[in-house]
2 protein chains.
Amino acid sequence: MGRRRQSVTIKHVAADAGVSLQTVSRVINNEPNVRPEMKERVQASIDKLGYVPSIAAQRMSGSRSYLILALNDRERTIADWQSRQGTDWVDQMLLGGMLKCAEHGYRMIFELVDTHNDHVQCELRAAIAALQPDGIILTPPHSENPLITSLLAEARIPFARIGSVTPGPGIAMTMDDEGSARLATQHLIDLGHRRIGFIAGPTDYAVAGWRIDGWRATMDDAGLSTEGLCERGDFGFESGVVAARKLLEQTDRPTAIIASSDQMATGTLEVARSMNLDVPADLSLVSFDNTPIVRFTEPSLTAVDQPIAATISRAVELLINAGKKDLPSEPVVVSGTLVERASTARPGANGVG
Amino acid sequence: MGRRRQSVTIKHVAADAGVSLQTVSRVINNEPNVRPEMKERVQASIDKLGYVPSIAAQRMSGSRSYLILALNDRERTIADWQSRQGTDWVDQMLLGGMLKCAEHGYRMIFELVDTHNDHVQCELRAAIAALQPDGIILTPPHSENPLITSLLAEARIPFARIGSVTPGPGIAMTMDDEGSARLATQHLIDLGHRRIGFIAGPTDYAVAGWRIDGWRATMDDAGLSTEGLCERGDFGFESGVVAARKLLEQTDRPTAIIASSDQMATGTLEVARSMNLDVPADLSLVSFDNTPIVRFTEPSLTAVDQPIAATISRAVELLINAGKKDLPSEPVVVSGTLVERASTARPGANGVG
DNA sequence: TTGAAAGCGCTAACAT
DNA sequence: ATGTTAGCGCTTTCAA
């Protein structure tokens with residue numbers, strides 16, 4: 001293939017502008033101590049020759065790599081991709097992350113890592129050694145994995161923990177799951193619901209717990225009981241079916257259910273259908289995530305929107321500025337919103353009108 | 001932040017194993033001329049120290065970058081992400097591309113580029129200069145953009161053109177759109193349909209044309225007319241509504257329609273509903289792409305599945321081996337399949353049974 | 001404010 | 001079969 005070299009290097013620019021390599025380097029990196037006219041001349045040469053620095057060379061000489069690494073759980077991500085259920089978590093990450101990176105001349109690299117694996121550390125160390133990223137974004141369940149966080153802290157690489165509020169190294173960031181759950185619960189209470197069931201996520205996701213907290217707190221505030229109204233699922237469709245069945249087969253069944261994921265919500269919808277319960281007349285339903293499918297179910301689902309793109313965008317910004325500005329010591333909160341659709345109504349309401 | 005260096009370098013390994021740098025390098029790259037026992041000893045040191053080569057350094061010294069760049073159209077991709085309609089083209093690309101890359105110790109970098117822009121070339125040149133990828137994957141409409149293909153040919157970077165059969169530089173790859181359209185058309189003919197309408201994609205996508213070709217050829221073979229049965233859309237929902245309306249408001253309206261995208265198919269579904277046409281009793285509908293939403297519409301849609309993951313996977317394989325093996329001179333075909341669901345039936349069939 | 005020299009980690013080319 | 005040498009393109013010293 002013949003070794004491919006950089007077509008235009010800093011040398012060409014230096015020669016063209018009649019200055020030293022160093023001066024060109026200074027202009028590229030916006031460093032001080034360059035006379036405006038000098039800077040202008042160099043910039044002209046850069047533009048003329050279409051010069052772009054090689055990130056490999058930049059990284060080699062000990063500076064930044066201009067790379068931000070985003071890490072997702074391998075197993076779950078691949079399962080989502082293969083099942084083609086419309087989960088667009090990755091897309092929203094890329095949307096927020098890539099655009100913000102581009103603004104600052106960075107690139108985002110997306111990688112998969114096994115959490116449930118004794119050689120997470122090897123895998124991660126390899127990715128770091130190969131890529132030398134300037135910052136890393138951790139998503140659940142990585143965000144709370146001490147094997148990962150301690151490794152990054154030790155390697156002194158700035159990182160963000162999405163969906164984590166635990167104190168410790170790295171920037172803790174949350175989409176305010178508790179607040180979102182409160183929003184959803186209050187919405188149902190305002191509609192007149194008294195028995196509101198909750199289908200929670202698995203215990204290894206911290207966010208699952210916060211959502212329960214928000215629901216329970218709001219119920220308590222309203223003087224409503226939560227006894228026997230909370231079931232656990234694993235975020236998947238089947239687990240939603242099982243949980244919904246347990247909730248709806250009670251003698252005094254709930255008139256509304258909040259599911260901690262869209263998949264579990266569609267599972268609940270399925271159970272309601274099989275029990276001849278009309279949604280929303282007999283059962284109001286709120287789901288979490290607001291992935292594409294909530295628009296296409298019958299009825300469409302009222303859902304909590306998780307601001308994934310906005311959160312990742314913020315994370316990138318903080319990571320790029322790590323070192324310049326101080327890192328936030330408190331968890332960074334990007335709040336979600338409730339999107340009302342056709343699956344919620346007053347209890348016993350007939351028809352849509 | 002303090003300059004971060006590689007923690008374990010080739011030097012450490014060489015020292016530990018008591019050999020020269022070059023020998024270590026040979027082991028890393030699986031090169032010949034290393035005695036097995038030597039190789040074993042070096043490998044032991046690599047494992048012991050947890051050494052991983054820095055791709056920056058590898059790239060610097062003129063060898064591979066172990067990076068494959070996948071390029072999508074910026075405008076359309078961002079629009080898809082923001083509209084959250086469940087289009088999972090990007091996800092399927094990553095599924096096929098990242099996993100195959102990982103098998104070979106490569107990484108896939110995903111980037112967005114504006115096609116409809118006079119400085120495509122600048123943008124692309126910048127990405128290449130910064131990243132120095134070993135191979136590039138082009139997707140429609142980039143695959144047929146001469147500004148892009150000529151630049152890559154000149155830079156002598158191996159690349160694949162997904163959705164292109166035009167001869168020229170780069171590996172042409174197709175998901176057999178014509179064949180898929182034949183499949184869909186034949187399926188409808190077999191069910192007894194005679195008037196089969198077609199909603200095509202925009203002219204700047206070559207695949208749009210092939211799909212028409214497949215439909216028309218199959219209709220011709222069956223001795224059926226295509227007169228006034230083909231409308232153009234832009235792959236989006238609204239354009240599907242407009243096209244379907246034109247088709248269905250004819251006096252002798254088609255009993256079946258093939259839409260060139262899932263979005264246009266749901267648009268057609270909407271029109272059918274508004275005209276009180278039952279799908280599939282009054283109108284059979286086949287869509288293209290098989291994105292997640294086709295499972296959630298009412299009825300679920302019979303659709304042509306585009307093997308995106310498989311195609312990208314194959315592309316990565318070919319690019320990595322470029323130079324070693326000869327590149328295919330003929331277009332590489334990865335065929336799609338027809339997934340039958342509830343939106344197709346015999347014309348005039350009542351009920352599902 | 002500018003420039004020169006040294007070296008980052010690795011591999012190609014050339015010894016031996 | 002193994003080692004030595006000379007860079008790759010850039011930034012970090014340090015000197016002027």
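Labels below follow one simple rule: chain letters A, B, ... track the order of the sequence lines, proteins then strands, and each chain is numbered from 1.
Between the side chain of B:Asp134 and the main chain of B:Ser65, a donor-acceptor pair closer than 3.5 Å is present. Side-chain N or O atoms of A:His142 include one that pairs as donor or acceptor with a backbone N or O of A:Val113 at under 3.5 Å. In this structure, the side chain of A:Ser164 does not engage the main chain of A:Thr174 through any donor-acceptor pair within 3.5 Å. Side chain of B:Thr311 to main chain of B:Pro307: a donor-acceptor pair is present (N/O by atom type, distance under 3.5 Å, no hydrogens or angles). Judged purely by atom type and a 3.5 angstrom limit, A:Ser143 uses its side chain to pair as donor or acceptor with the backbone of A:Leu138. Under a 3.5 Å cut-off, the side chain of A:Thr77 and the backbone N or O of A:Asp73 do form a donor-acceptor pair.
Looking at heavy-atom distances under 4.0 Å, B:Gln58 makes contact with sugar-phosphate atoms alone, never a base. Within 4.0 Å of B:Pro32, counting heavy atoms only, lies no atom of the nucleic acid at all. Residue B:Val19 is classed as a sugar-phosphate contact, given heavy-atom separations below 4.0 Å to backbone atoms only.
Applying the 4.0 Å criterion to OP1 and OP2 of C:dT11, one finds that B:Tyr66 has every side-chain N and O outside that range. Between B:Thr23 and D:dT2, a side-chain N or O to OP1/OP2 separation shorter than 4.0 Å is absent.
Relative to the side chain of A:Ser61, the nucleotides D:dT11, C:dG9, C:dC14 differ in distance, and D:dT11 lies closest. Of the candidates D:dT2, C:dT2, D:dC8, C:dT2 carries the atom nearest the A:Arg35 side chain, counting heavy atoms from C-beta on. Here the nucleotide nearest the side chain of B:Gln22, chosen from D:dA1, C:dC10, C:dA12, is C:dA12. Taking every side-chain heavy atom of B:Asn33 into account, D:dA1 is the closest of C:dT11, D:dA1, D:dG3. Among the nucleotides D:dG3, C:dT2, D:dG9, the one closest to any side-chain atom of B:Met60 is D:dG9. When the nucleotides D:dG9, C:dT11, C:dC14 are ranked by their closest atom to the side chain of A:Ala57, D:dG9 comes out on top. Nearest nucleotide to the A:Ser20 side chain, out of D:dG3, C:dG3, C:dA12: C:dG3.
One atom, CD1 of B:Ile28, and another, P of C:dA12, lie 11 Å apart when rounded to the nearest Å. Between the P atom of D:dT11 and the CD atom of A:Gln132 lies a distance of 16 Å, rounded to the nearest Å. Atom P of nucleotide C:dT2 and atom CD1 of A:Ile10 are separated by 15 Å, given to the nearest angstrom. For the pair A:Arg41 CZ and C:dT1 P, the computed distance is 16 Å after rounding to whole Å. The distance from atom CD of A:Gln6 to atom P of D:dT11 is 12 Å, rounded to the nearest whole Å. Between A:Leu21 atom CG and D:dT13 atom C1' the separation is 15 Å, expressed in whole Å. Between the C1' atom of D:dT11 and the CD atom of A:Glu31 lies a distance of 8 Å, rounded to the nearest Å.
Where B:Arg26 and B:Ala56 meet DNA chain C, the nucleotide closest to each residue was compared, and B:Ala56 sits on the side nearer the 5' end. Heavy-atom nearest nucleotides on DNA chain C were determined for A:Met38 and for B:Ser54, and the one closer to the 5' end corresponds to A:Met38.
Below the 3.5 angstrom threshold, one finds no donor paired with an acceptor across the side chain of A:Arg59 and the base of D:dG9.
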